[in-house]
Peer 1: 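Sharing a structure, written as structure tokens. Questions coming.
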Amino acid sequence: MSRICQITGKKPGVGNKVSHSKHRTKRRFDINLFTKKFYYVEQECWISLRLTAAGLRVINRIGLDAALTKAVAKGYCDWKDIKIIG
């Protein structure tokens, strides 16, 4: 499973690590990604999402159903990618 937020579509960035001697090597800027369970009222089930802190704020602001609908419309995730828990 790739490290992409299912709500905002954020991905890790790439940049340079700069040493004291200004020698540059490639590095990866990871995102603040974690797994969170939500109760999806429209389907009456628990779902598990991999999202960032920004994605969690989006869900708190506009609601879970609206956030999932917007994410699927933009192509960040698909309905089959959303893990349903028991």
Peer 1: Which heavy atom in L51 sits nearest to a heavy atom in C5, and how many Å separate them?
Peer 2: CA-SG, 3.6 Å
Peer 1: Check V14 against F29 and note the closest heavy-atom contact, atom names and distance.
Peer 2: C-CD1, 4.2 Å
Peer 1: So does T25 get a backbone contact from the side chain of R27, meaning a donor-acceptor N/O pair under 3.5 Å?
Peer 2: no
Peer 1: Does some side-chain heavy atom of I47 sit less than 4.5 Å from a side-chain heavy atom of K37?
Peer 2: no
Peer 1: Give me the atom names and distance for the closest heavy-atom approach of I59 to A67.
Peer 2: CG1-CB, 3.9 Å
Peer 1: Carefully, step by step, assess L49 and I7 under the rule side chain to side chain contact (heavy atoms under 4.5 Å, CB included).
Peer 2: CA-CA 8 Å; L49 294 173; I7 298 297; 4.2 Å; yes
Peer 1: I need the minimum non-hydrogen distance between A66 and I62, along with the two atoms involved.
Peer 2: CB-O, 3.5 Å
Peer 1: How long is the gap from CZ on R3 to CG on D30, to the nearest 0.5 Å?
Peer 2: 5.0 Å
Peer 1: Tell me, with the steps shown, if D65 and V41 meet side chain to side chain contact (heavy atoms under 4.5 Å, CB included).
Peer 2: CA-CA 8 Å; D65 188 46; V41 178; over 6 Å; no
Peer 1: So, taking the atom named OG1 in T35 and the one named CD in Q6, what distance separates them when rounded to the nearest 0.5 Å?
Peer 2: 8.5 Å
Peer 1: Applying side chain to side chain contact (heavy atoms under 4.5 Å, CB included) to Y40 and L68, what does each step give before you reach the verdict?
Peer 2: CA-CA 10 Å; Y40 193 33; L68 284 174; 4.1 Å; yes
Peer 1: Out of curiosity, H23 NE2 to N16 CG, how far, rounded to the nearest 0.5 Å?
Peer 2: 10.0 Å
Peer 1: Look at the side-chain heavy atoms of Ile, Leu, Val, Met, Phe, Trp and Tyr, link any pair under 4.5 Å apart, and say whether W46 and F34 land in one connected group.
Peer 2: no
Peer 1: Taking a hydrophobic cluster as the set of Ile, Leu, Val, Met, Phe, Trp and Tyr residues connected by side-chain heavy atoms closer than 4.5 Å, whether directly or through intermediates, do L56 and I82 fall within one such cluster?
Peer 2: yes
Peer 1: Could you tell me the separation between the CD atom of E42 and the CG atom of L64, rounded to the nearest 0.5 Å?
Peer 2: 7.0 Å
Peer 1: Working to the nearest 0.5 angstrom, can you tell me the gap between C45 SG and Y39 OH?
Peer 2: 7.5 Å
Peer 1: Using the rule that two of Ile, Leu, Val, Met, Phe, Trp, Tyr join whenever any of their side-chain heavy atoms come within less than 4.5 Å, decide whether I4 and Y76 are in one cluster.
Peer 2: no
Peer 1: Atom CD of Q43 and atom CH2 of W79: how far apart are they, to the nearest 0.5 Å?
Peer 2: 7.5 Å
